[in-house]
Amino acid sequence: MDPRGIAAFRQRAHDAVARGRTVIYSTQILDVAERFSDLVAILHQGKLVAFDSLDGLRDRTHRDDGVLEQIFADLRPDAP
């Protein structure tokens, strides 16, 4: 999406949430998910690995300032 499309989508999503609705947004662009989401579901090879707020995921991975990309890498079952 272009910047205007992103802004319009964000506004519609926030309006829906204000009305008590749930908005599910799927993306592989983790910095977008990080800025946009209240809760994050992390999937790896079709399986749910984690579902929590970004702060909850940071606590779980002991990354106080971790970005979602780092958190995802830490939570993958095949992570070193």
inquiry  = Show, in sequence, the C-alpha distance, side-chain angles and deciding distance for L30 and I71, and conclude whether the side-chain contact (heavy atoms from CB on, under 4.5 Å) test is met.
reply    = CA-CA 10 Å; L30 299 182; I71 291 168; over 6 Å; no
query = Any salt bridge between R60 and D52, counting N to O under 4.0 Å?
reply =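 The answer is no: the pair does not qualify as a salt bridge.
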Test: R63 and E69 ion pair at under 4.0 Å =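 The answer is no: the pair does not qualify as a salt bridge.
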query = Is there a donor-acceptor pair closer than 3.5 Å between any side-chain N or O of S37 and the backbone N or O of V40?
reply =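 Checking the backbone N and O of V40 against the side chain of S37, no donor-acceptor pair under 3.5 Å is found.
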Set of residues satisfying salt bridge (charged side-chain N to carboxylate O under 4.0 Å, His left out) with respect to D38, sequence neighbours excluded =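 Scan of D38 (salt bridge (charged side-chain N to carboxylate O under 4.0 Å, His left out), adjacent residues dropped) gives none.
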message = Looking at I24, I'd like to know if its CD1 atom is crowded, meaning that more than 12 non-hydrogen atoms belonging to other residues, nucleotides or ligands lie closer than 6.0 Å.
response =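 Open: at most 12 neighbouring heavy atoms sit under 6.0 Å from CD1 of I24.
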task = Tell me, please, which residues at least two apart from D15 pass side-chain hydrogen bond (donor to acceptor under 3.5 Å, both in side chains).
result =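 Here the qualifying residues are Q11.
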key: pair V49-L43: side-chain heavy atoms closer than 4.5 Å   =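 Side chain of V49 against side chain of L43, heavy atoms only: no contact under 4.5 Å found.
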message = Do D31 and V67 have side chains that approach each other closer than 4.5 Å (heavy atoms only, starting at C-beta)?
response =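 Counting from C-beta outward, D31 and V67 never come under 4.5 Å.
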Roughly how far, to the nearest 0.5 Å, is the [atom2] atom of [Y] from the [atom1] atom of [X]?
X: K47; Y: R76; atom1: NZ; atom2: CZ; answer: 15.0 Å
X: L68; Y: L54; atom1: CG; atom2: CG; answer: 6.0 Å
X: D74; Y: L57; atom1: CG; atom2: CG; answer: 10.5 Å

request  = Return each pair, listed once, that meets ring pair (Phe, Tyr, Trp, His ring centres under 6.0 Å) where at least one residue sits in residues 18-54; pairs must be two or more places apart or across chains.
outcome  =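 Residue pairs passing ring pair (Phe, Tyr, Trp, His ring centres under 6.0 Å), neighbours aside: F9-Y25, F9-F36, Y25-F36.
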inquiry  = Quick check: closest heavy atoms across A13 and V23, and the distance to 0.1 Å?
reply    =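 What the structure gives for the nearest pair is O-CG2, 3.8 Å.
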